[in-house]
Q: 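First, the structure itself, so that you have it in front of you.
Everything quoted here is computed from the prediction, not taken from an experiment.
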Amino acid sequence: MSNNEDTDNHSPNNHINETVEKLAHEYDPEPRARALQSLLIEEGLLSTDAVDAVVSTYETEIGPLNGAKVVARAWTDPDYKQRLLNNGIDAIAELDIEINEDVMEITALENTPDTHNIIVCTLCSCYPWAVLGLPPTWYKSPEYRSRVVREPRELLREEFDVDLDDSIEINVWDSTSELRYMVLPQQPPGTDDLSEDELVEHVTRNAMIGVDRLA
């Protein structure tokens, strides 16, 4: 082994790669992410200020607020709703929401009195960050990712207090790195007279994932 190779084996990058490989075998992705973040900060490759800035941006400037604006517009503008269902990316862009079209497409799934949609990523945690913000911890958990596919009705009832009638068909949609989904929930009853801005406050992140039903 050359001196360079010996030196490379002890480089920060090799250290990180070894740690990532080790952590990849652990069960819960959240501790892995926290450990990786700590390691990057320890090695001087990432600052806590940078992490805080990203989290703050997604929580206060992006977050589920963008998605709520999309839903409220769809509830009040039938033509926009149709454009959203036909071409999610273009319709979302109409509201000046930035999405990298080179790496992502978004399909909007409409809930109806007879149909309920739920999104998941069975492989990892693909999620439409630009419209829904940071994914909740449970969305990334192996329990949710596996159970929602096998028994969505039972999962909704037991974990999210959503008890759907047996007559309502449940569709589960598996997100990928190229194609992600958001649910267009039904408008809550008694909100027909509200303005678009007022309706935004009635839209929840969970409803846009499909684990809540507003109507």
Q: Between Ser195 and Asp197, do the side chains contain an N or O donor and an N or O acceptor separated by less than 3.5 Å?
A: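 Not at all, the side chains of Ser195 and Asp197 share no donor-acceptor pair under 3.5 Å.
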Q: According to a hydrophobic-cluster definition based on side-chain heavy atoms being under 4.5 Å apart (Ile, Leu, Val, Met, Phe, Trp, Tyr only), do Ile106 and Leu95 belong together?
A: yes
Q: For the residue pair Trp138 and Phe160, categorise the inter-ring angle as parallel (less than 30°), tilted (30 to 60°) or perpendicular (more than 60°).
A: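 The rings of Trp138 and Phe160 stand perpendicular, inter-plane angle above 60°.
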Q: Might you work through the side chain to side chain contact (heavy atoms under 4.5 Å, CB included) test for Leu39 and Ile41, ending with a clear yes or no?
A: CA-CA 5 Å; Leu39 182 59; Ile41 292 173; over 6 Å; no
Q: If I take atom CD1 from residue Ile119 and atom CD1 from residue Ile209, how far apart are they, to the nearest 0.5 angstrom?
A: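 So the gap between those two atoms works out to 5.5 Å.
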Q: Looking at Arg180 and Glu105, is there a salt bridge between them, counting it only when a charged N and a carboxylate O are closer than 4.0 Å?
A: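 Looking at Glu105 and Arg180, the cut-off is not met.
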Q: Using the ring pair (Phe, Tyr, Trp, His ring centres under 6.0 Å) rule, collect all pairs that involve residues 178-204, keeping only residues at least two apart or in two chains.
A: Trp173-Tyr181
Q: Do Arg145 and Cys121 have side chains that get closer than 4.5 Å, going by heavy atoms?
A: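 No, every pair of side-chain atoms sits at 4.5 Å or beyond.
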Q: Less than 4.5 Å apart, any side-chain heavy atom of Leu85 and any of Lys81?
A: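 Touching, per the 4.5 Å side-chain cut-off.
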Q: Are the charged groups of Lys69 and Glu196 less than 4.0 angstrom apart, N to O?
A: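 Result for this pair is no, no salt bridge flagged.
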Q: Do Trp75 and Tyr80 have their ring centres less than 6.0 Å from each other?
A: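 Here the rings of Tyr80 and Trp75 have centres that are no less than 6.0 Å from each other.
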Q: Would you mind reporting whether Tyr144 and Thr137 have side-chain heavy atoms less than 4.5 Å apart?
A: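 No, side chains not in contact.
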Q: Between Arg73 and Leu84, is there a side-chain heavy-atom distance shorter than 4.5 Å?
A: no
Q: Under a 4.0 Å threshold between the charged nitrogen and the carboxylate oxygen, would Arg147 count as salt-bridged to Glu154?
A: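 Result for this pair is no, no salt bridge flagged.
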